[in-house]
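Residue numbering restarts at 1 for every chain, and letters A, B, ... go by the order of the sequence lines. Keep in mind that the numbers below use all heavy atoms, side chains included, and drop hydrogens, waters and symmetry copies.
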There are 2 protein chains.
Amino acid sequence: MESRAPHAVAGDGSPTRDALLDAAEELFAAHGYAAVGMRELVARAGVNLSAVKYHFGSKRELYLETVRRAMQRRESMEVWAALEPRPSTVDAAAKALVLFVRGLFVMMRARSELSACARLMLHEAMDPSDALEDVVVSFTRPNVEALAGVIAVLRPGADRQELELDARSVLGQALHYLLLRPIVERSAGLSLSESGTSREIADHIATFSLRGLRVSEAVVGRALAADGPKKNPIAAGEGAPASHEAPMGDPDRMEGSR
Amino acid sequence: MESRAPHAVAGDGSPTRDALLDAAEELFAAHGYAAVGMRELVARAGVNLSAVKYHFGSKRELYLETVRRAMQRRESMEVWAALEPRPSTVDAAAKALVLFVRGLFVMMRARSELSACARLMLHEAMDPSDALEDVVVSFTRPNVEALAGVIAVLRPGADRQELELDARSVLGQALHYLLLRPIVERSAGLSLSESGTSREIADHIATFSLRGLRVSEAVVGRALAADGPKKNPIAAGEGAPASHEAPMGDPDRMEGSR
DNA sequence: ACCCAGGTCAAACATACGTTTGACCGAGAG
DNA sequence: CTCTCGGTCAAACGTATGTTTGACCTGGGT
């Protein structure tokens with residue numbers, strides 16, 4: 001009667017199922033669970049209304065599976081790769097932090113999966129449900145732990161809790177732009193889709209954070225000069241207007257355009 | 001026919017109207033516009049369903065008026081008073097920033113109006129509507145401008161945009177805890193309702209931010225010792241366990257010694 | 001006395017919701 | 001061919017939504 005459907009099968013299933021999940025991710029992330037109607041959802045997915053019952057059983061389980069899938073995609077997002085091989089020197093760690101923050105803003109500029117993950121996470125945070133656990137264990141926690149790992153190199157004496165607070169301070173600054181984007185853009189004159197602006201913001205967050213972590217100015221300067229040849233790194237000079245289109249340099253290639 | 005109702009009359013109206021607005025603020029802030037049903041709302045308010053039509057005209061206009069009222073209450077919230085009389089010395093500015101951040105966490109610990117404002121703001125940011133403008137002009141903008149004014153004292157050479165980014169870096173850290181509270185609490189072991197914990201977090205954000213603003217360590221130390229007699233300011237010493245119930249000094253005078 | 005505006009109430013309104021049903025189609029097995 | 005099974009489809013299900021209606025009560029004005 002009801003456990004006949006393939007429900008939460010792991011492997012990628014039919015195209016119908018995937019279309020459903022894609023549309024669900026897009027809409028749930030944009031407007032939240034309650035604000036999305038199934039008819040609108042299946043219309044966007046291009047499938048029949050009954051498909052959701054067949055493949056998932058109910059709207060709620062579609063949502064849960066959507067969140068699960070989105071959160072698990074974290075591991076394949078290139079941004080976190082900048083933190084992955086835990087750096088050994090202070091210089092490397094500072095550089096990793098800079099690249100990480102820049103990567104966040106590159107992804108957010110591209111309206112990518114990161115936005116969907118973050119928005120799903122936020123909706124869950126504001127109105128928690130069964131999906132919260134998934135969000136925490138497979139998204140939030142790994143992120144702050146990875147970042148804390150890098151920060152640990154920068155602050156040798158700190159204990160776990162202190163590192164966690166540091167990591168959250170860095171993430172909080174970036175999250176602020178990611179989640180409150182419409183407000184920030186309307187409030188300030190900024191437009192986060194311009195590469196120059198988002199780059200400036202990213203670098204501001206990076207330097208602000210490195211200083212907050214008591215990293216020496218020399219290291220900060222070196223870390224900011226990571227990708228360009230040398231280019232006066234510090235001081236509020238307007239960043240190069242439109243020359244660099246791929247702000248991430250070394251760690252792995254960041255070309256995720258799709 | 002429809003503009004007969006008193007709609008958006010300014011002065012405080014009937015108790016019915018106020019009960020409606022109170023319940024609306026609570027529910028809309030908690031679950032968002034779409035997730036709240038009128039019947040649930042009027043039940044919580046203890047009034048008849050038709051009252052919303054009579055006093056506001058529709059659910060949408062009830063919501064708009066709710067947001068407007070919540071955002072305008074900003075001026076009467078004591079937290080921002082810590083920033084109001086723009087300090088003249090670096091020490092006073094640093095102290096103001098510390099007290100401000102601490103005040104934020106005190107309010108958030110009390111589940112106060114601040115949470116409602118912030119949550120309404122966030123819902124608007126994630127799914128913008130006509131109310132976004134109100135949120136920006138009467139809440140977001142004044143806040144970052146007030147904070148930027150204080151920061152301007154700490155960073156004499158900075159231009160407007162730089163000050164704005166600094167202000168957002170500070171606010172972003174605090175917002176992160178306010179908005180993602182359920183996630184943070186489940187992810188870390190923290191409990192933000194404990195005064196000791198929230199005080200530690202607030203002080204961490206304050207010091208992190210002051211260092212991010214290149215404030216000298218001496219000033220940082222002095223600013224953190226604002227309310228207590230002197231008490232080893234830095235180094236994560238356990239804050240006073242349960243002695244201070246009102247971490248904010250008097251609104252005008254920020255020398256909190258009492 | 002009458003009237004009328006301010007305000008509340010239960011009931012009905014039309015629509016939209018999530019869910020369910022039963023028919024239908026194509027392909028593989030016997 | 002027949003039978004079954006994975007999968008899709010339009011239509012209907014019952015309920016919950018936001019909104020509207022018209023009766024009703026109350027208190028002052030004249």
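When the P atom of D/dC9 is taken as reference, atom CG of A/Leu20 falls 11 Å away, rounded to whole Å. For the pair B/Leu27 CG and D/dG18 P, the interatomic distance rounds to 12 Å; values are reported in whole Å. In this structure, the CZ atom of A/Phe56 is 13 Å from the P atom of C/dT19, given to the nearest Å. To the nearest angstrom, C1' of D/dG18 lies 12 Å from CG of B/Leu41. When the P atom of C/dC17 is taken as reference, atom CZ of A/Arg60 falls 17 Å away, rounded to whole Å. Atom C1' of nucleotide D/dT17 and atom OH of B/Tyr63 are separated by 18 Å, given to the nearest angstrom. Taking atom NE2 of A/His31 as the reference point, atom P of C/dC17 lies 13 Å away to the nearest angstrom.
For the pair B/His55 and C/dG6, the criterion of a side-chain N or O lying under 4.0 Å from OP1 or OP2 is not met. Contact annotation: B/Ser14 does not reach the phosphate of C/dG6 (side-chain N/O to OP1 or OP2, under 4.0 Å).
Note that the CZ atom of B/Phe100 and the CG atom of B/Leu147 stand 5.5 Å from one another [nearest 0.5 Å]. The distance from atom CG of B/Asp134 to atom CG of B/Leu120, rounded to the nearest 0.5 Å, is 11.5 Å. With rounding to the nearest 0.5 Å, the separation of CG in B/Asp203 from CZ in B/Arg102 is 4.0 Å. Atom CD1 of residue A/Ile201 and atom CE of residue A/Met108 lie 8.5 Å apart, to the nearest 0.5 angstrom. Between atom NE2 of residue A/His123 and atom CG of residue B/Leu122 there is a gap of 8.5 Å, rounded to the nearest 0.5 Å. Summarising the geometry, atom CD1 belonging to B/Ile183 is positioned 5.5 Å from atom CE belonging to A/Met121; distances are rounded to the nearest 0.5 Å.
Taking five base pairs at each end of the helix from C/dA1-D/dT30 to C/dG30-D/dC1 and finding the rotation axis that steps the C1' atoms of four pairs onto the next four gives two axes whose angle is 30°, to the nearest 10°.
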Let me have a per-nucleotide readout for nucleotides 23-28 of chain C, 5' to 3', with B, S or -, counting only protein heavy atoms under 4.0 Å. ------
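Contact annotation: the side chain of A/Ser14 never approaches that of A/Asp18 to less than 4.5 Å [non-hydrogen atoms, C-beta and beyond]. Residues A/Leu192 and A/Arg109 form no side-chain contact, since every pair of their non-hydrogen atoms from C-beta on lies 4.5 Å or further apart.
Residues A/Ser191 and A/Ser193 bring a donor and an acceptor atom of their side chains to less than 3.5 Å of each other. In the model, B/Glu124 has a side-chain atom that pairs as donor or acceptor with a side-chain atom of B/Tyr63 under 3.5 Å. Judged by distance alone, the side chains of B/Ser138 and B/Arg73 never bring a donor and an acceptor atom under 3.5 Å apart.
Seen from the ring of B/Phe208, A/Arg168 does not count as a face-on cation partner, given the 6.0 Å and 45° thresholds. By the 6.0 Å and 45° rule, B/Lys59 does not stack over the aromatic ring of B/Phe28.
Here the nucleotide nearest the side chain of B/Tyr54, chosen from C/dG7, D/dT20, D/dT8, is C/dG7. With C/dT20, D/dT20, D/dG18 as the choices, the nucleotide that has an atom nearest any side-chain atom of B/Lys53 turns out to be D/dT20.
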Check nucleotides 24-26 of chain D for protein N or O atoms closer than 3.5 Å to its own N or O atoms and list the pairs.
none

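Scanning for salt bridge (Lys or Arg N to Asp or Glu O under 4.0 Å) contacts around A/Glu185 gives A/Arg181, with sequence neighbours left out.
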Take A/Glu164 and A/Arg141 through the salt bridge (Lys or Arg N to Asp or Glu O under 4.0 Å) test and state the conclusion after the steps. CA-CA 10 Å; A/Glu164 175 131 359; A/Arg141 197 95 276 280; 2.6 Å; yes
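Contact between B/Ala35 and A/Ala34 at its shortest, heavy atoms only, is CB-CB, 3.5 Å.
Near-neighbour residues of DNA chain D inside residues 43-52 of chain B, defined by a heavy atom below 4.0 Å, number-ordered: B/Leu49, B/Ser50. Contacts with DNA chain D (heavy atom under 4.0 Å) in residues 32-39 of chain B: B/Val36, B/Gly37, B/Met38, B/Arg39, listed by number.
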